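Source: prediction; values computed, not measured.
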Amino acid sequence: MATTRIGLDRLPPAARAAVEEHTGPLLAVEETTEGFNSEIAARVTSATGTWHIKGLRTDHPRAWTQHREATVTPFLTNLAPALRWHVETAGWDLLGFEVLSGHHADYAPGSPDLPEVASLLRRLGETPCPGIELRHAEQRLEHYAAHPDDLHLFAGTHLLHTDLNNTNILIDNNAPQGDRARLIDWAWATRGAAWLDAAYWTIWLIAAGHTPASAEHWAAEIPAWHTAPAEGITAFAAANANIWSEISNADPDPWTTRLATAANAWHAHRKGPPLTCTPCPSPE
């Protein structure tokens, strides 16, 4: 469920003052609408620079997402916007990120953004997983896997983003080719099998209009995909069909329905057509 958004002007004076200790007096505030996890989301400008601010009340049920981003971001050089400051005061937890230029990735078939996203995921796959507290992929999927024995297939030691929504990827066409994409919103950073982010991307590609085979073709651009056992990919597709069915049933709107449809289509593709025979031999 999306978190209710409020304006920066509704921050307590002490929290606003703590922000301005880092920024100086604010000259402009542009509230943003993207994302679902933050109560505060704004681009702010002062005489000394521009920042993207994300914030939640410290007693919010998802306050842990702020701490997760603050902890993991220092390890994400050339993968994500840099975290410039972190304020926790007056009942608010606020993060100030560098502002990146660019557009949200277009996942549609034929999009020129697709090779840039693949390059980004390759760079992520080469990034060591930091020794910080992260949830494990098998923990996150344990209630959705078709069989408990499938969970070990998702375990691993690699750093994962796990939320490959195209709005979480910015493409800067003025940057060098092959290094134009950056991942934002690391609230769901996870430790797990190296191939899982390519698998998460597959579902979003199908939702953007790819066939399951085309989506897997793009996933295969990520070297880690080739380390995945076939049964692991199929088990992951089954688990995500369950996840998106639950999400779309609890919060039915066009985007959740689209993802549930995509996840089910991928699961059906992985299972393959039912076996048939004409005529069937005798069971004896």
Looking only at atom types and distance, does a side-chain atom of [X] sit under 3.5 Å from a main-chain N or O of [Y], one as donor and one as acceptor?
X    : Y    : answer
D93  : L56  : no
N264 : A260 : yes
T261 : T257 : yes
R182 : L120 : no

Gap between atom [atom2] of [Y] and atom [atom1] of [X] - 0.5 Å precision:
X    : Y    : atom1 : atom2 : result
I203 : H210 : CD1   : NE2   : 14.0 Å
S248 : R258 : OG    : CZ    : 12.5 Å
L259 : N165 : CG    : CG    : 7.5 Å
H158 : L134 : NE2   : CG    : 13.5 Å
D163 : L183 : CG    : CG    : 9.5 Å
T45  : W51  : OG1   : CH2   : 8.0 Å

With the side chain counted from C-beta on, respond yes when [X] and [Y] share a heavy-atom pair under 4.5 Å apart, and no when they do not.
X    : Y    : result
E138 : L153 : no
N240 : Y200 : yes
Q66  : L95  : yes
L170 : H104 : yes
L83  : E69  : no
L26  : L8   : yes
R135 : R68  : yes
I233 : R270 : yes

Qualifying residue, where the test is side-chain hydrogen bond (donor to acceptor under 3.5 Å, both in side chains) with E39 and the options are K54, R57, R10: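 Of all the options given, the one that passes is R57.
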
Is it true that [X] and [Y] fall in one hydrophobic cluster, defined by side-chain heavy atoms closer than 4.5 Å?
X    : Y    : answer
L159 : W188 : no
L151 : Y144 : yes
I206 : I243 : yes
I40  : L27  : no
I169 : F97  : no

Of the non-hydrogen atoms in [X] and [Y], which two are nearest, and what is the gap between them?
X    : Y    : answer
D150 : A145 : CB-CB, 4.4 Å
T227 : A224 : OG1-O, 2.6 Å
G232 : F154 : O-CE2, 3.7 Å
L160 : A193 : CD2-O, 3.5 Å
E221 : R122 : O-NH1, 3.1 Å
A80  : E98  : O-OE2, 4.2 Å

side-chain contact (heavy atoms from CB on, under 4.5 Å) assessment of L11 paired with L94: CA-CA 10 Å; L11 280 177; L94 301 159; 4.1 Å; yes

Please enumerate all residues that pass side chain to side chain donor-acceptor pair (under 3.5 Å) together with [X], with sequence neighbours excluded.
X    : result
N242 : none
T48  : S46
H161 : none
T256 : D253

Whether W195 and W225 hold their rings parallel, tilted or perpendicular, with breakpoints at 30° and 60°: perpendicular

R123 versus S119, side-chain donor and acceptor atoms under 3.5 Å: yes

Qualifying residues under side-chain contact (heavy atoms from CB on, under 4.5 Å), relative to V99, sequence neighbours excluded: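 Counting only residues at least two positions away or on another chain, V99 forms a side-chain contact (heavy atoms from CB on, under 4.5 Å) with R43, T50, H52.
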
Full working for side-chain contact (heavy atoms from CB on, under 4.5 Å) between L164 and L121: CA-CA 10 Å; L164 274 294; L121 293 181; 4.0 Å; yes

Sequence neighbours excluded and cut-off under 3.5 Å, please list the side-chain donor-acceptor pairs for residues 110-118, or say none.
residue, atom, partner, partner atom, Å
S111, OG, D106, O, 2.7
S111, OG, D113, N, 3.0
D113, OD1, H103, NE2, 3.3
D113, OD2, H103, NE2, 3.0
D113, OD2, D106, N, 2.8
E116, OE1, G178, N, 3.2
E116, OE1, D179, N, 3.4
E116, OE1, R180, N, 3.1
E116, OE2, G178, N, 2.8

